[in-house]
Every structure is written in structure tokens, then in C-alpha cells.
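The model shown is predicted, which means the values in this text are computed figures rather than measured ones.
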Amino acid sequence: MRQVIIIGSGPAGYTAAIYAGRAGLKPLVVASSVEAGGELMKTTEIENFPGFPEGLQGPELMFKMQEQAEKFGAEVLLDDVVSVDLHGDVKKVTLGSGAVEEALTVIYATGSAYRKLGLDDEERLSGRGVSWCATCDGFFFKQKEIAVVGGGDSAMEEATFLTRFATKVYVIHRGDSLRASKIMQDRAFANEKIEFLWNKTVTAITGDEKAAGVTLTDTVDGTESHLDLEGLFIAIGNDPRVHLVHGQLDLTTDGTVAVEGRSSKTNLPGVFAAGDVIDVTYRQAITAAGSGTVAALDAEHYLAGLDKELLDQALGAEPAEPVTASAR
């Protein structure tokens, strides 16, 4: 049995692992078999993470975080969590391999997943012209006309990045103004390859073997039009990954895991949550990292208050020295 299991390996998960590792808790990070590193593995240049004035690529940042966590004793496991039992003193985490890991505390940092349009042909044409990741698939759209759906920072970043490959990038937005930050808007507006289609929603995707176009519905007058395309990138937000904890952890009206105030404490003792899975407002790498710090410190404080017998079980044959909670 372990002292801490961290589910998720984005900025929140790895930062929690760094702090838990430094506290001598020997955390296990279940990082996923296919999405280790989280959404930043699909992000291009990051310019606003403190300490990197020249910027760096998303995957580079995540590899550095993983390396730092492992330096302090974290074990990173490339497997998927298929179910959890978070009740009682000992938490159980079942992996895709069939193994069951036990721990006295769990930090739930699963992040969020791409939101979909909900159209009939969206899944059918996924990977055949429909994508949610410009950095993953942009290379395949050289000299093609494509579109990005959305109006936030992610959509502007996707559109700007895709101009490296495409001859034309349409930005389809349901309103007449963007939600994106000013700097991201300015970059998109200044790019001659980007054209904005205002007050439009995508109501159908056409194409047999590959995406060939979209049907647009005007949000003002309801009229329909068709736009020929060879690629459609969807950047309309994310939904927190909470499927594993339904019926166990309380959720907010936004669908995120509910925590107490500024802490990471959930409704179950010994279970903590961090990162985008608790945050629908900021959703930045740096706020997720800070949230992971909080979760690790909360877990450390919780362990410090447990009975010596339980701690001895987690520590195995090692001497059961008291766990001390301290601010770092």
C-alpha cells in the first residue's frame, strides 16, 4: 500500500508529485497509457509559464516536470485507471492492466477533455478531416483550406498555428466578438491567411470518406450556407474528466469536482482534487500547477493526522516515522 496515488499527469499531477516526492511520500503517478503529460503535450509554444522568458514547447515543459517529479522519488506509471473506490481509509485504484493499487490518499488530477459539437458525422469523420488538435494533425493539411470552430484563446492559437500549413483558415464563431485574450486576438486579426465568419454555427459536416465541407447556420437570421473545406478543427472548450468519480465525489453545477474553499479537499477524507478538473474559470498551466501544490500539501497534512498503524501499512517494512506537514 502506498501513501499517495496521483491520477493524472498534467501540470497539476506532476506538480503534486514533485511536492509529495519532496515530502518523502513516494507518490505513484498514474499518467495514462496514451495521454501522459495531459493537454499540454498537444500545445505549441508556451510563452506565459514563469521562468521561461524565451518560451518553450508544451511537451518540453511536461517532460521537464516529469523528470523533476522522478528526481524526488515519484514513480510514473504509463497505464490507465479504469475504476476507483475512494471510500474508507484505504483507497483502491484499478488499472487497465488489471492490477489494483491501494493508497491512504488519492489526488485526482485528470484534467479535461475536448468538447465536441455533437453532430452525427463528427465521430465518423474523426481523423479524416475532423480534428481537435492542430499540433497533432496540422501537418496533414498543407496547401488546403480549413476552418477552426471557436472564439477563445485555444481557437486563436489553433488558427494561427494552422496558417503554417494551410492556404486559408476560416474561424467560425457563433457570436460577433471573441472571448480570446487581446494578444491572441491581435495575432489572429493580423494574419492575412485567417478569415473570420461571424454569427455562424456548424450544423452539419459533409463528406463521404473525408470531410469535404460544413453547413453553416446564421445565429441572427437562421439562414443556411455551405462552405467547402478539407479540414475542420474544433476548439470550443473542454469538459472536466469526472467519469471515474461519479457517485463518489460531489460535483459542482459546472460539472467539476467540488472542493472546500481554496483547498483541494473533496467530500471524502483522504481524497483531493487539483487542476482543470476543479477549475472552469482560469484553466492555465500555472494555475493548475499551483492547484497541484495545494493538493500535495493537503495530502501531507492529512497523512500526518492518521493513526500510526495505518501509516505503518503504507510504509511497509520501513520504520514508521511520523509524517510531518510543513510549508515549503
Side-chain angles (χ1 to χ4, degrees), residues 10-11 32 34-49 55-63 111-119 121-174 178-181 183-197 200-202 205 207 210-214 216 227-239 241 276 283-285 288:
S32 172
V34 294
E35 295 184 321
E39 297 301 321
L40 285 188
M41 295 296 288
K42 305 169 186 176
T43 302
T44 52
E45 188 172 10
I46 298 173
E47 301 175 311
N48 55 3
F49 200 89
L56 76 170
Q57 298 292 302
E60 182 184 1
L61 176 61
M62 298 320 301
F63 288 139
S112 56
Y114 295 122
R115 189 172 296 158
K116 298 181 179 180
L117 295 172
L119 301 176
D121 292 314
E122 189 173 7
E123 291 294 337
R124 181 177 67 84
L125 294 172
S126 175
R128 290 182 286 179
V130 175
S131 174
W132 290 264
C133 179
T135 54
C136 307
D137 301 326
F139 177 81
F140 302 108
F141 294 87
K142 286 186 175 181
Q143 303 302 306
K144 299 182 185 297
E145 291 195 359
I146 60 178
V148 174
V149 183
D153 277 355
S154 295
M156 296 309 103
E157 181 181 10
E158 298 264 289
T160 302
F161 175 78
L162 288 167
T163 59
R164 301 182 187 182
F165 310 103
T167 56
K168 181 84 169 183
V169 178
Y170 294 96
V171 172
I172 303 169
H173 184 46
R174 63 185 306 117
L178 300 172
R179 303 184 310 276
S181 59
I183 188 170
M184 297 301 291
Q185 290 191 44
D186 290 345
R187 287 179 183 173
F189 288 142
N191 195 309
E192 60 184 15
K193 285 188 175 184
I194 297 177
E195 179 179 338
F196 287 83
L197 301 178
K200 299 287 190 296
T201 59
V202 176
I205 306 171
K210 296 189 296 183
V214 293
L216 302 176
L227 180 65
D228 290 329
L229 294 170
E230 294 181 85
L232 181 68
F233 288 80
I234 301 167
I236 57 173
N238 302 69
D239 292 312
R241 290 188 173 102
D276 285 2
R283 299 187 63 255
Q284 300 294 309

Any donor-acceptor N/O pair, Thr160 side chain to Glu157 backbone, under 3.5 Å = no
query = Aromatic rings Phe141 and Phe233: how do their planes relate, parallel, tilted or perpendicular, breaks at 30° and 60°?
reply = perpendicular
query = Would a 4.5 Å heavy-atom cut-off, applied to side chains only, mark Val130 and Ile205 as touching?
reply = yes
query = Taking atom OG1 of Thr163 and atom CZ of Arg187, what is their separation to the nearest 0.5 Å?
reply = 11.5 Å
request  = Measure the spacing between CG of Leu232 and CD1 of Ile172 and express it to the nearest 0.5 Å.
outcome  = 6.0 Å
request  = List the steps, then state whether side-chain contact (heavy atoms from CB on, under 4.5 Å) holds for Leu197 with Leu227.
outcome  = CA-CA 11 Å; Leu197 301 178; Leu227 180 65; 3.8 Å; yes
Phe196 atom CZ, neighbour heavy-atom count above 12 within 6.0 Å = yes
message = Distance check, rounded to the nearest 0.5 Å: Asn238 atom CG versus Tyr114 atom OH?
response = 7.0 Å
remark   = Correct closest heavy-atom pair for Ala147 and Leu229 would be CB-CD1, 3.5 Å
ask   = Does the ring centre of Phe165 sit less than 6.0 Å away from the ring centre of Phe140?
value = no
query = Is the side chain of Asp239 donor-acceptor paired with the backbone N or O of Ala113 at a distance under 3.5 Å, no angle test?
reply = no
message = Do Leu178 and His173 have side chains that approach each other closer than 4.5 Å (heavy atoms only, starting at C-beta)?
response = yes
Contact summary for Ala285 and Pro11, nearest pair of heavy atoms = O-CB, 3.6 Å
query = Minimum heavy-atom separation for Ala155 to Val148, with atom names?
reply = O-CG1, 3.7 Å
query = Can you tell me how far the NZ atom of Lys193 sits from the CD atom of Glu145, to the nearest 0.5 Å?
reply = 11.0 Å
key: Heavy-atom pair of closest approach, residues Leu162 and Gly138   = CD2-CA, 3.7 Å
Closest non-hydrogen atom pair, Arg115 against Trp132 = O-NE1, 3.5 Å
key: Phe49 side, atom CZ; Leu40 side, atom CG - distance, nearest 0.5 Å   = 8.5 Å
query = Hey, does Met156 have a side-chain heavy atom less than 4.5 Å from the side chain of Val171?
reply = yes
message = As an exercise, state the distance from CG of Asn191 to CZ of Phe161, rounded to the nearest 0.5 Å.
response = 13.0 Å
task = Apply salt bridge (Lys or Arg N to Asp or Glu O under 4.0 Å) to Lys168 and list each qualifying residue two or more places apart in sequence or on a separate chain.
result = Glu195
ask   = Step by step, would you call Thr167 with Lys142 a side-chain contact (heavy atoms from CB on, under 4.5 Å)?
value = CA-CA 7 Å; Thr167 56; Lys142 286 186 175 181; over 6 Å; no
message = Tell me if a side-chain donor or acceptor on Glu122 pairs with a main-chain N or O of Leu117 at a distance below 3.5 Å.
response = yes
query = What is the minimum heavy-atom distance between Glu158 and Ala235, and which atoms define it?
reply = CG-CB, 4.2 Å
message = Check whether Arg241 reaches the backbone of Ser112 with its side chain - one donor and one acceptor, N or O, closer than 3.5 Å.
response = yes
request  = For Asp186, enumerate each residue passing the side-chain contact (heavy atoms from CB on, under 4.5 Å) test, keeping only those at least two apart in sequence or located in another chain.
outcome  = Lys182
